[in-house]
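None of these values were measured; they are calculated from a predicted model. Residues: numbered from 1 along the sequence shown.
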Amino acid sequence: MEKIYLDCDGVILDTESGLFDRYYELKKLNPNLKRGQYLAELDWNMWISQCQVLKDAVTILNNYDPKVADILTKVHSLQEAKAKIDYFRSQRVKNNIIIVPSNVKKSSVVDAGGNILVDDSTSNLVDWQVENGIPFYFGGEVTSFAKVDTLDDVLNPQKRKVMLRTF
């Protein structure tokens, strides 16, 4: 049976909306401010706590056996990793949380071969597919990838069977 990996940012939590608004304000005051420095110094606990949960993702995760899917999330710092782990545990999400450094491919951290990745980044999905994984796109854009509208589409075994037949 295939393993399911779920991206965090843009699939479970909307961590990206507005993330760089403050960075661009600060950059006007300090042109030498680097994106990496900004992300390393961000108060990730505050940021994650105010992020919108996408399409009931946390509730859906909590309705399924946590062994069915792992959360596979890229991070820019250890503070971001800890904030995400703390957030999910505070929401009683028991799924494994696999941390991926921002400059590393997800397929380098886990075996993509024959496994499912639900992600909103087409570049992550292209790499996953190249590594013989099964990519599913989560988002509003039209792409060449099979689309998942909610996490229930892939976590529910009956719905997943239908989706895999179309893959």
Side-chain angles (χ1 to χ4, degrees), residues 1-23 33-139 143 145 148 150-155 160:
M1 180 166 165
E2 65 281 332
K3 181 72 182 173
I4 302 169
Y5 295 101
L6 307 171
D7 176 45
C8 172
D9 307 299
V11 174
I12 300 171
L13 294 174
D14 183 11
T15 56
E16 295 163 354
S17 288
L19 180 62
F20 291 102
D21 293 351
R22 179 78 176 131
Y23 168 68
L33 179 64
K34 302 291 182 214
R35 183 174 180 244
Q37 177 188 354
Y38 167 75
L39 292 169
E41 294 173 357
L42 186 69
D43 182 346
W44 283 102
N45 287 317
M46 182 280 306
W47 186 256
I48 298 292
S49 71
Q50 61 83 45
C51 289
Q52 177 186 357
V53 175
L54 297 169
K55 297 186 178 183
D56 265 343
V58 169
T59 301
I60 292 168
L61 279 171
N62 284 328
N63 286 335
Y64 287 96
D65 181 347
K67 293 178 185 134
V68 171
D70 292 344
I71 298 168
L72 189 59
T73 183
K74 287 197 174 193
V75 299
H76 301 91
S77 68
L78 291 176
Q79 293 80 6
E80 179 183 0
K82 184 175 181 329
K84 287 178 177 179
I85 292 166
D86 291 347
Y87 171 81
F88 284 118
R89 296 307 180 238
S90 76
Q91 299 300 306
R92 296 189 167 89
V93 173
K94 295 181 179 169
N95 302 66
N96 289 329
I97 302 166
I98 301 169
I99 303 301
V100 180
S102 63
N103 59 346
V104 175
K105 293 178 180 182
K106 291 178 179 180
S107 64
S108 296
V109 175
V110 297
D111 182 18
N115 295 316
I116 295 170
L117 174 64
V118 178
D119 206 315
D120 65 315
S121 166
T122 55
S123 63
N124 288 337
L125 296 174
V126 166
D127 173 65
W128 198 259
Q129 190 169 39
V130 165
E131 297 298 327
N132 299 312
I134 304 166
F136 286 109
Y137 181 73
F138 186 94
T143 71
F145 295 104
V148 171
T150 73
L151 293 186
D152 190 61
D153 292 341
V154 73
L155 296 177
R160 184 169 60 249

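Considering OH of Y5 and CG of N95, their distance stands at 12.5 Å, rounded to 0.5 Å. To the nearest 0.5 Å, atom SG of residue C8 and atom CD1 of residue I99 are 8.5 Å apart. Between R35 atom CZ and L19 atom CG the span is 8.0 Å, to the nearest 0.5 Å. Atom-to-atom distance recorded for T122:OG1 and Y137:OH is 7.0 Å, nearest 0.5 angstrom. The structure places CG of L39 at 4.5 Å from CZ of F20, a figure rounded to the nearest 0.5 Å. Remark: Q50 CD to D14 CG distance equals 9.0 Å, nearest 0.5 Å.
Counted within 6.0 Å of NZ on K105, heavy atoms from surrounding residues, nucleotides or ligands total 12 or fewer; the atom is thus considered open. Other residues, nucleotides and ligands contribute over 12 non-hydrogen atoms within 6.0 Å of the CD1 atom of I98.
Shortest non-hydrogen contact noted between F138 and K55 is CZ-CD, 4.0 Å. For the residue pair E2 and G114, the shortest heavy atom distance occurs at CB-O, 3.0 Å. Across all their heavy atoms, R22 and Y38 have their closest contact at CB-OH, 3.7 Å. Of all the heavy atoms in A69 and L155, the pair that sits closest is CB-CD2, 3.6 Å. Of all heavy-atom pairs between K74 and S102, the closest is NZ-O, 3.8 Å. In this structure, L125 and P135 approach most closely via the heavy-atom pair CD2-CB, 3.6 Å.
Side-chain contact between T150 and D56: absent, with no pair of heavy atoms (C-beta onward) separated by less than 4.5 Å. A 4.5 Å side-chain heavy-atom check between I12 and L151 finds at least one atom pair inside the cut-off. Taking the side chain as every heavy atom from C-beta outward, L13 and V53 approach each other to under 4.5 Å. By the 4.5 Å heavy-atom criterion applied to side chains, N62 and V93 are counted as neighbours.
Here side-chain hydrogen bond (donor to acceptor under 3.5 Å, both in side chains) pairs that include residues 76-87, with residues two or more places apart or in two chains, are D9-K84, T73-K84, H76-E80, S77-Q79, E80-K84, K82-D86.
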Could you walk me through whether L61 and Q91 pass the side chain to side chain contact (heavy atoms under 4.5 Å, CB included) check? CA-CA 10 Å; L61 279 171; Q91 299 300 306; over 6 Å; no
Apply side chain to side chain contact (heavy atoms under 4.5 Å, CB included) to residues R89 and I97 and explain how you reach the verdict. CA-CA 10 Å; R89 296 307 180 238; I97 302 166; 3.6 Å; yes
Begin with the C-alpha distance, continue with both residues' side-chain angles, and end with the deciding distance and a verdict on side chain to side chain contact (heavy atoms under 4.5 Å, CB included) for I71 and F88. CA-CA 10 Å; I71 298 168; F88 284 118; 4.1 Å; yes
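Put simply, the side chain of N124 never gets that close to the backbone of D120: no donor and acceptor are under 3.5 Å apart. Under the 3.5 Å distance criterion, the side-chain polar atoms of K67 are left unmatched by any main-chain donor or acceptor of N96. Judged purely by atom type and a 3.5 angstrom limit, W128 has no side-chain atom pairing as donor or acceptor with the backbone of V118.
Checked against F136 for a side-chain contact (heavy atoms from CB on, under 4.5 Å), the options I116, L6, D119 give a single hit: I116.
Of the charged side-chain nitrogens involved, at least one lies within less than 4.0 Å of a carboxylate oxygen, so that D70 and K3 count as a salt-bridged pair.
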